[in-house]
Amino acid sequence: MSFVVLVLVVVLEKFSVWRKALQRDGVWLTWLGWVAGQGEASRAARMPWLVLLAALLVPLLLLAGLCMWLGQWFYGVLLLPLELLVVLYCLGRGDVPADLGGFRDAWRRGDLQGAEHVAERDLQIAPQESASTLFASVQSYLLWQAFQGFFVIVFWYVVLGPLAALAYRLLALMAAQGQYASMAERAAALRHAFDWLPGRLLAISFALVGHFTAVMGELLHELLAWDTPVQVLLAKCGRAADEQEQEAAGEAGLAQLDGLWQLLVRCATLWFAVIAVLTLVW
């Protein structure tokens with residue numbers, strides 16, 4: 001059933017507004033705020049692990065109970081729409097190609113100052129020292145958003161089901177809550193653990209659908225390194241897979257961004273093919 005759900009997720013994500021309608025985090029953020037408390041002496045500051053577990057486990061237990069209840073009816077067929085809704089909710093926020101639109105326009109014109117401004121405004125990329133580092137940051141942003149918004153969700157859903165996918169998205173939301181620094185730091189550490197294996201599988205996928213030798217040259221040094229951030233690893237391997245060594249001005253730079261996007265599309269196709277084969281075998 002997981003393969004059917006993923007196919008429906010892709011179709012609905014492309015041809016409907018269901019994802020944006022479902023991705024309303026207000027209720028859960030209100031719950032998090034109530035559990036965490038306010039001020040320097042808040043529960044999130046005094047007991048960050050307890051707050052993290054409470055904020056995480058309550059929605060997971062509710063989902064687990066709902067899955068068990070629906071699984072008893074009509075041979076579990078009702079689980080399909082539930083899992084579909086959960087996976088759609090867990091996908092990344094925003095629209096990566098649309099978010100890059102302002103940067104692409106400025107880069108095409110050769111307007112470095114404008115490109116830096118829209119990168120800070122739309123992509124939350126801090127001002128960079130040079131055009132080279134700015135362009136590399138945008139490439140890294142593209143690869144990271146595709147990973148955390150799609151590939152890692154697909155991986156954990158297929159391996160452990162909707163509970164794991166929801167846990168990842170809630171950890172990502174908690175890691176972004178700067179007002180609860182202690183809790184956010186611990187959520188980021190758990191998220192790193194979730195990222196570690198699928199991040200390396202995606203990097204290997206880059207090698208299979210891109211420049212194999214160049215990617216493996218980058219990956220072999222970092223394959224088992226626990227402390228290497230997945231965002232850094234994907235940036236290195238993604239550029240190597242598409243044989244991109246440095247930034248290019250104007251249309252040539254946009255062609256490099258398009259090349260990375262096509263690389264991600266090929267990787268998604270590869271993952272879906274593998275999942276389909278595993279579904280047939282098992």
Side-chain angles (χ1 to χ4, degrees), residues 1-32 55-71 73-100 141-177 187 190-191 194-195 198-199 201-202 205 230 261 264-265 267-276 278-279:
M1 186 170 66
S2 60
F3 181 72
V4 175
V5 170
L6 291 177
V7 171
L8 291 174
V9 163
V10 172
V11 172
L12 291 175
E13 198 277 333
K14 293 296 183 184
F15 302 107
S16 77
V17 295
W18 278 33
R19 178 170 68 91
K20 293 181 180 179
L22 283 170
Q23 291 179 337
R24 308 296 177 112
D25 304 317
V27 173
W28 182 80
L29 290 176
T30 300
W31 161 249
L32 175 62
L56 188 64
L57 289 179
V58 168
L60 292 181
L61 290 174
L62 290 174
L63 177 60
L66 187 57
C67 288
M68 291 179 62
W69 181 68
L70 290 177
W73 298 87
F74 304 107
Y75 303 98
V77 173
L78 294 179
L79 284 174
L80 191 148
L82 175 62
E83 293 188 7
L84 176 61
L85 295 176
V86 171
V87 175
L88 279 172
Y89 171 78
C90 293
L91 294 179
R93 276 49 179 159
D95 185 335
V96 177
D99 293 340
L100 287 170
Y141 171 89
L142 172 61
L143 293 167
W144 169 248
Q145 292 301 319
F147 170 75
Q148 67 88 27
F150 180 76
F151 286 95
V152 69
I153 300 299
V154 168
F155 177 84
W156 287 117
Y157 170 67
V158 171
V159 173
L160 295 179
L163 289 174
L166 181 60
Y168 180 86
R169 181 51 56 203
L170 296 182
L171 284 172
L173 291 173
M174 281 191 279
Q177 304 304 309
L190 288 177
R191 184 187 186 183
F194 270 84
D195 286 336
L201 289 178
L202 181 56
S205 302
V230 172
W261 185 256
L264 292 166
V265 171
C267 287
T269 303
L270 174 63
W271 280 37
F272 269 66
V274 171
I275 294 169
L278 293 177
T279 301

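Not measured: the values here are computed from a predicted model.
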Undergrad: Do L170 and L173 have side-chain heavy atoms sitting under 4.5 Å apart?
TA: yes
Undergrad: Which heavy atom of L79 sits nearest to which heavy atom of C67, and what is that distance?
TA: CD2-O, 3.3 Å
Undergrad: Determine whether C267 and L202 make a side-chain contact, defined as any pair of heavy atoms from C-beta on separated by less than 4.5 Å.
TA: yes
Undergrad: I'd like to know if the side chain of W156 reaches the main chain of F194, judged simply by a donor and an acceptor atom lying under 3.5 Å from each other, with no hydrogens or angles considered.
TA: yes
Undergrad: D25: what forms a salt bridge (Lys or Arg N to Asp or Glu O under 4.0 Å) with it, not counting sequence neighbours?
TA: R93
Undergrad: Could you tell me whether the side chain of Q177 reaches within less than 4.5 Å of the side chain of L32, counting heavy atoms only?
TA: yes
Undergrad: Only one of V7, L270, L6 forms a side-chain contact (heavy atoms from CB on, under 4.5 Å) with I275, so which one is it?
TA: L6
Undergrad: Please report the shortest heavy-atom distance between P198 and V152, naming the atom on each side.
TA: CG-CG2, 3.7 Å
Undergrad: Do F147 and W144 make the cut of ring centroids closer than 6.0 angstrom?
TA: yes
Undergrad: Counting C-beta onward and ignoring hydrogens, is there a side-chain heavy-atom pair between V5 and V9 closer than 4.5 Å?
TA: yes
Undergrad: My understanding is that only residues two or more places apart in sequence, or in another chain, count here; which of them pass ring pair (Phe, Tyr, Trp, His ring centres under 6.0 Å) with F155?
TA: none
Undergrad: In Å and rounded to the nearest 0.5 Å, what is the CD to CG distance from E83 to L88?
TA: 12.0 Å
Undergrad: Does R191 have any salt bridge (Lys or Arg N to Asp or Glu O under 4.0 Å) partners at least two apart in sequence or in another chain, and if so, which?
TA: none
Undergrad: Parallel under 30°, tilted from 30 to 60°, perpendicular over 60°: which one fits the rings of F150 and F272?
TA: parallel
Undergrad: When rounded to the nearest 0.5 angstrom, what distance separates CG in L160 from CG in L166?
TA: 13.0 Å
Undergrad: What's the verdict on side-chain contact (heavy atoms from CB on, under 4.5 Å) for F151 and L201, showing C-alpha distance, side-chain angles and the deciding distance?
TA: CA-CA 10 Å; F151 286 95; L201 289 178; over 6 Å; no
Undergrad: At what distance, to the nearest 0.5 angstrom, does CE of M174 lie from CG of L56?
TA: 4.5 Å
Undergrad: Could you check whether any side-chain heavy atom of Y157 comes within less than 4.5 Å of a side-chain heavy atom of V86, counting everything from C-beta outward?
TA: no
Undergrad: So how far is it from Y89 OH to L63 CG, rounded to the nearest 0.5 Å?
TA: 11.5 Å
Undergrad: Give me the atom names and distance for the closest heavy-atom approach of I153 to G149.
TA: CG1-O, 4.3 Å
Undergrad: How many angstroms lie between atom CG of L66 and atom CG of L70, to the nearest 0.5 angstrom?
TA: 4.5 Å
Undergrad: Would you sort out whether Y141 and D99 count as a side-chain contact (heavy atoms from CB on, under 4.5 Å), showing the intermediate values?
TA: CA-CA 11 Å; Y141 171 89; D99 293 340; 3.6 Å; yes
Undergrad: So, Q23 side chain and C90 main chain: donor-acceptor pair closer than 3.5 Å or not?
TA: no
Undergrad: Does a donor on one side chain and an acceptor on the other come within less than 3.5 Å for Y168 and Q148?
TA: no
Undergrad: Has W28 got a side-chain atom pairing as donor or acceptor with A55's backbone, closer than 3.5 angstrom?
TA: yes
Undergrad: Take R19 and L12, measure what side-chain contact (heavy atoms from CB on, under 4.5 Å) needs, and give me the verdict at the end.
TA: CA-CA 8 Å; R19 178 170 68 91; L12 291 175; over 6 Å; no
Undergrad: Quick one: pull up CD in Q145 and CG in L100 and give me the separation to the nearest 0.5 Å.
TA: 9.0 Å
Undergrad: Would you mind reporting whether F3 and V158 have side-chain heavy atoms less than 4.5 Å apart?
TA: no
Undergrad: What are the two closest non-hydrogen atoms of L264 and A146, and how far apart are they?
TA: CD1-CB, 3.5 Å
